Amino acid sequence: MAEYKITTPQRTYSAVVERGVVKRLAEFLPPGVGRIFAVSTRDVWKLYGCQVQQALGDRCCEVLYFVGGEDNKRLSHIEQMADQMVERGADRSSLIVAVGGGIVTDMAGFLAAIFMRGIPVIQVPTTLLAQVDAAVGGKTGVNLVSGKNLIGSFHQPLAVLIDPSVLHSLPDREYRAGLYEIIKAGVIRSEPLFRLLSDRRDEVLNQSPEVVDRMIAESVRIKAEVVSADERESDLRRILNFGHTFGHALEAETHYTRFLHGEAISWGMRAATRLAEKLEMLPPDDSEAIMHVLDAYGPIPKCDGISRVDLQVRLMRDKKTVQNRIHFVLPVRIGEVVVRSDVPIAAAQNAIEHSLADCRN
Ligand code: GLY
């Protein structure tokens with residue numbers, strides 16, 4: 001078992017990495033809690049609903065089903081779920097338990113953030129990506145047609161309960177999509193984590209329990225440390241966006257349907273790595289090692305039909321672009337990145353062009 005404290009101005013809470021931790025859900029309920037609402041998709045609830053219900057004992061848990069899919073991560077679905085809560089008697093003492101992947105944890109977190117101006121949420125992430133990134137750190141929100149996560153808020157959960165044993169039911173593509181966020185954690189802050197992924201690929205892909213537990217725990221440790229230092233992304237937390245600036249543009253440009261989030265981040269890390277190499281910030285050997293690991297956990301969908309110019313327009317609309325300055329998170333060695341907002345546009349264009357070419361048929 002590993003437990004990491006996340007300390008923010010909103011609250012201090014634990015992210016617990018432990019096989020079977022869902023059984024302990026009731027321990028994390030606040031005193032005097034009222035109605036409990038689970039937000040989940042039907043397929044995930046079919047697999048884990050019983051465990052959640054059992055863990056809550058004789059407390060009744062109402063389920064709010066979400067259809068799933070990045071293209072459905074929209075405000076209209078939040079409104080529908082909020083209406084259902086009111087119809088079923090929710091009030092300010094109610095609590096939400098998010099059971100699902102990153103889309104569910106983001107949406108359920110946002111619903112909790114704004115329902116009656118805020119009710120508590122407990123995150124129970126069931127995909128690798130949500131376990132190591134999305135469910136930890138309090139970022140919640142929904143997409144707009146014009147861009148990813150452009151409406152949202154910071155709403156820290158009461159706890160994040162991470163059970164690595166649920167990953168066995170994850171489709172291979174979803175599992176690999178989560179691995180890209182772990183590669184990100186390695187590149188930005190942990191060379192040993194990066195080496196684990198590069199040296200023990202077969203065990204990673206075969207979900208060896210020892211390797212899976214280690215890489216999840218190390219990723220969550222890093223996330224807890226970064227969020228505790230900078231909840232609102234005014235400084236250090238920006239490093240968690242390695243690959244995200246380019247990746248979000250790719251997701252929005254393909255209407256959230258071609259790439260899973262992690263796959264888009266994989267492409268984004270490729271583009272950021274190329275850019276860092278072009279700017280002579282990153283030794284060629286490190287650049288090659290990053291590309292090698294990204295390839296080792298591929299493939300990702302092809303980039304056919306996507307134009308560099310359209311992606312650049314999307315980059316300008318990203319919420320990390322402030323006063324027309326794009327903030328790029330660029331590696332300087334494995335385990336360390338810097339944030340640069342003075343990158344010549346021609347270098348960024350070149351990195352996008354080459355990375356698109358790498359991923360075309
Ligand atoms: N996924 C990036 C962050 O949580 O800041």
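Keep in mind that this is a model prediction, so the values were computed, not measured. Order of listing sets the numbers, starting from 1, for every ligand and every atom in it.
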Legend entry - Min N/O separation Lys184 to ligand 1 under 3.5 Å: no

Legend entry - His244 and His261: CA distance, side-chain angles, deciding distance, ring-ring contact (aromatic ring centres under 6.0 Å, His included) verdict: CA-CA 9 Å; His244 284 57; His261 175 63; 5.3 Å; yes

Legend entry - atom 4 (O) of ligand 1: nearest protein contact (heavy atom, Å): Lys223 NZ, 2.5 Å

Legend entry - Working for side-chain contact (heavy atoms from CB on, under 4.5 Å), residues Leu356 and Trp267: CA-CA 8 Å; Leu356 284 173; Trp267 181 82; 3.7 Å; yes

Legend entry - side chain to side chain contact (heavy atoms under 4.5 Å, CB included), paired with Leu193, selected from Met215, Lys184, Arg214: Met215

Legend entry - Distance-minimising heavy-atom pair for Gln131 and Val136: O-CG2, 3.7 Å

Inset, instruction - Give the residue, atom name and distance (to 0.1 Å) of the protein heavy atom nearest atom 5 (O) of ligand 1. - result: Arg237 NE, 2.7 Å

Legend entry - Asn241 N/O to ligand 1 N/O under 3.5 Å: no

Legend entry - Option passing side chain to side chain contact (heavy atoms under 4.5 Å, CB included) with Glu3 (candidates Val17, Val16, Val21): Val16

Inset, instruction - Run the numbers for me: atoms of ligand 1, each under 4.0 Å from some heavy atom of Asp133, listed by number. - result: 1 (N)

